[in-house]
Amino acid sequence: MFKNILIPIDIAKESSWKSIFPVAVSEAKNYNAKLSILTVLDLDFVNMMTSMQLDFGIKAYAEPKNFREKYINKAKEHLQNLIKREIPNDIKTEPIVKGGKVHSEIILTSKEVGADLIIIKASHESKIKEYFLGVNSSQVTRYAKCSVLLIRS
């Protein structure tokens with residue numbers, strides 16, 4: 001039934017993937033599906049600082065040459081290591097790193113990889129929000145063109 005499953009995670013937060021990976025592995029084994037594991041980086045700060053330097057000549061920090069590419073490559077390396085540690089070798093995987101708004105990148109990536117299922121964590125920043133879906137999971141559930149499996153803690 002499912003051939004390509006998209007798993008959006010935050011590699012910096014174990015809680016974003018710890019409960020999702022067992023479900024994803026089980027689904028991948030059941031359907032011989034590939035897991036496309038996505039992490040989205042917030043590059044707004046890098047973009048803002050670069051703009052300030054270009055527009056105003058402010059040297060707030062010294063950006064190394066090709067910082068954006070190096071940052072994305074380092075994140076991809078971390079994601080590959082996480083996949084190697086947590087996903088069995090017999091499961092087909094594809095690590096994907098993007099920069100932008102999380103829910104938008106999840107929707108775009110689901111189309112790009114031809115995902116027929118997205119498994120996402122219902123994330124909550126505080127106990128008060130525990131009764132509501134997180135912003136990203138809510139937007140993905142609303143706008144995804146494929147099935148969405150929402151995992152609660």
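The first residue of the sequence shown is numbered 1, and numbering continues consecutively from there. Excluded from the calculations below are hydrogen atoms, water molecules and symmetry mates; all remaining heavy atoms, backbone and side chain alike, are included.
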Is the closest side-chain heavy-atom distance between Val40 and Leu38 below 4.5 Å?
yes

Non-hydrogen atoms of Ser137 and Ala122 that approach each other most closely:
OG-CA, 3.8 Å

Determine the minimum heavy-atom distance between Lys76 and Pro95, stating which atoms define it.
CE-O, 3.7 Å

Between Ser16 and Lys13 (side chain of the first, backbone of the second, donor and acceptor by atom type, cut-off under 3.5 Å), is there such a pair?
yes

Beyond-backbone contact of Ile9 with Leu82, side-chain heavy atoms, under 4.5 angstrom
yes

Any chance you could lay out the side-chain contact (heavy atoms from CB on, under 4.5 Å) test for Lys98 and Ile96, step after step, and finish with the verdict?
CA-CA 7 Å; Lys98 294 199 172 183; Ile96 304 169; 4.1 Å; yes

Show the nearest heavy-atom pair for residues Val25 and Ile91, with the distance to one decimal.
O-CD1, 4.1 Å

When clusters are formed by joining ILVMFWY residues with side-chain heavy atoms under 4.5 Å apart, either directly or through shared neighbours, do Ile118 and Leu108 land in the same one?
no

Are the side chains of Val148 and Leu117 in contact, using a 4.5 Å heavy-atom criterion?
no

If you take all heavy atoms of Ile5 and Glu27, which pair is closest and at what distance?
CD1-CB, 3.8 Å

Taking Asp116 for its side chain and Asn4 for its backbone only, find out whether a donor-acceptor pair lies under 3.5 Å.
yes

A side-chain contact here means heavy atoms from C-beta on lying under 4.5 Å apart; do Lys3 and Lys34 qualify?
no

Greater than 12 external heavy atoms within 6.0 Å of Asp90's CG:
yes

Got Ser36 and Leu6 here, is their nearest side-chain heavy-atom distance under 4.5 Å?
yes

Show the nearest heavy-atom pair for residues Cys146 and Ala115, with the distance to one decimal.
CB-O, 3.4 Å

Report yes if some heavy atom in the side chain of Leu41 is under 4.5 Å from a heavy atom in the side chain of Val97; otherwise report no.
yes

Give the C-alpha distance, both sets of side-chain angles, the deciding distance and a yes or no for side-chain contact (heavy atoms from CB on, under 4.5 Å) between Ile83 and Arg85.
CA-CA 5 Å; Ile83 291 169; Arg85 271 194 335 267; over 6 Å; no

What do the steps show when you test Ile20 against Ile7 for side-chain contact (heavy atoms from CB on, under 4.5 Å), and what is the final call?
CA-CA 8 Å; Ile20 291 178; Ile7 313 297; 3.5 Å; yes

What heavy-atom pair brings Phe2 and Tyr31 nearest, and what distance separates the two atoms?
O-CB, 3.1 Å

Partners passing side-chain hydrogen bond (donor to acceptor under 3.5 Å, both in side chains) against Asp10 (at least two apart in sequence or in another chain):
none

Is Glu94 close to Ile37 at the side-chain level, that is, under 4.5 Å between some pair of heavy atoms?
no

Hey, what do you get for CH2 (Trp17) to OG1 (Thr39), rounding to the nearest 0.5 Å?
12.0 Å

Check against side chain to side chain donor-acceptor pair (under 3.5 Å), Lys121 and Ser19
CA-CA 8 Å; Lys121 180 133 181 351; Ser19 60; 4.6 Å; no

Can you confirm whether Ile120 sits close enough to Ile151 that some side-chain heavy atom of one is under 4.5 Å from a side-chain heavy atom of the other?
no

Donor-acceptor pair, side chain of Ser26 and main chain of Pro22, under 3.5 angstrom:
no

With rounding to the nearest 0.5 angstrom, report the CD1 to CD distance, Ile11 to Gln80.
10.5 Å

